[in-house]
Amino acid sequence: MVGNENLIEIVKGLVSTNPQVREETCERVCDWLQSFDQREVSVVSSLLSSVAVLESDADCLESELHAIGELTETGLVEAVQLTPLCSLSMERLDVSAREHLSYLMSEYFQ
């Protein structure tokens, strides 16, 4: 469990106006995978999905999708938490982000 203070810091980082902060926060999420409990995975995966749909920075979007993919490895992510990703258009994604999204769609929505 990362605890409420760290969870709030993650939330703040993921919604930061600074792309570098958003990317660093995604890296932190990946670093802490084994520390999240079910509630924390639910909050972070839901927020990452919503943030990714609105993301304008290609590098951040790739980092967000990567972090979601890593979170799925915990076995605690449910499809409902990833539903916002269904509105992402493959055409606006670079190759790496497209691969992440394709994986998530095939695992949770097909």
Side-chain angles (χ1 to χ4, degrees):
M1 182 163 95
V2 298
N4 289 327
E5 280 187 33
N6 288 322
L7 183 60
I8 295 302
E9 288 303 313
I10 289 170
V11 169
K12 287 178 184 177
L14 292 176
V15 299
S16 172
T17 57
N18 183 330
Q20 183 178 356
V21 171
R22 292 194 305 275
E23 270 196 88
E24 289 169 358
T25 303
C26 288
E27 291 172 16
R28 188 174 324 135
V29 167
C30 293
D31 290 343
W32 291 358
L33 283 179
Q34 300 307 313
S35 300
F36 291 115
D37 65 16
Q38 186 167 0
R39 178 184 65 92
E40 294 163 344
V41 167
S42 177
V43 168
V44 174
S45 61
S46 295
L47 182 58
L48 274 167
S49 296
S50 294
V51 168
V53 170
L54 301 174
E55 185 59 67
S56 59
D57 184 281
D59 291 333
C60 285
L61 178 55
E62 193 277 331
S63 293
E64 290 154 0
L65 293 172
H66 173 75
I68 295 167
E70 292 291 315
L71 281 168
T72 65
E73 298 299 316
T74 66
L76 300 174
V77 174
E78 298 177 18
V80 68
Q81 297 156 348
L82 306 184
T83 302
L85 297 179
C86 295
S87 67
L88 266 177
S89 170
M90 287 286 189
E91 291 80 40
R92 73 172 260 224
L93 305 178
D94 65 21
V95 173
S96 181
R98 193 174 296 154
E99 288 173 3
H100 290 302
L101 184 60
S102 292
Y103 165 76
L104 293 167
M105 291 294 108
S106 69
E107 289 294 312
Y108 288 90
F109 297 105
Q110 302 211 0

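- Distance alone, capped at 3.5 Å, is enough to place a donor-acceptor pair between the S87 side chain and the P84 backbone.
- Listed here is the closest heavy atom pair of C26 and L14: SG-CD2, 4.0 Å.
- Heavy-atom contacts from other residues, nucleotides or ligands closer than 6.0 Å to CD of E24 number more than 12.
- In the hydrophobic cluster analysis, where Ile, Leu, Val, Met, Phe, Trp and Tyr join through side-chain heavy atoms closer than 4.5 angstrom, I8 is grouped apart from F36.
- Residues Q81 and S42 bring a donor and an acceptor atom of their side chains to less than 3.5 Å of each other.
- Under the 4.5 Å side-chain contact rule for hydrophobic residues, L65 and Y108 share a cluster.
- A salt bridge links E55 to R22: at least one charged side-chain nitrogen sits closer than 4.0 Å to a carboxylate oxygen.
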request  = Report the C-alpha separation of R92 and L61 in whole Å, then their side-chain angles, then the decisive distance to 0.1 Å, and conclude whether the side-chain contact (heavy atoms from CB on, under 4.5 Å) test is met.
outcome  = CA-CA 10 Å; R92 73 172 260 224; L61 178 55; 3.8 Å; yes
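- Between V29 and the choices V41, V44, L47, the side-chain contact (heavy atoms from CB on, under 4.5 Å) rule is met once, by V44.
- At least one donor-acceptor pair under 3.5 Å links the side chain of E40 to the backbone N or O of V2.
- Atom CG of L82 sits about 7.5 Å away from atom OG of S46, to the nearest 0.5 Å.
- Both Y103 and L76 belong to a common hydrophobic cluster when Ile, Leu, Val, Met, Phe, Trp and Tyr are linked at side-chain heavy-atom distances under 4.5 angstrom.
- With a 6.0 Å radius and a threshold of 12 heavy atoms from other residues, nucleotides or ligands, E107 has its CD atom above the threshold.
- A distance of 10.5 Å separates CG in D59 from CD in E64, rounded to the nearest 0.5 Å.
- Residues I68 and H100 fail the side-chain proximity criterion, which asks for heavy atoms closer than 4.5 Å.
- Looking at every heavy atom in both residues, Q38 comes nearest to E78 through NE2-OE2, 4.0 Å.
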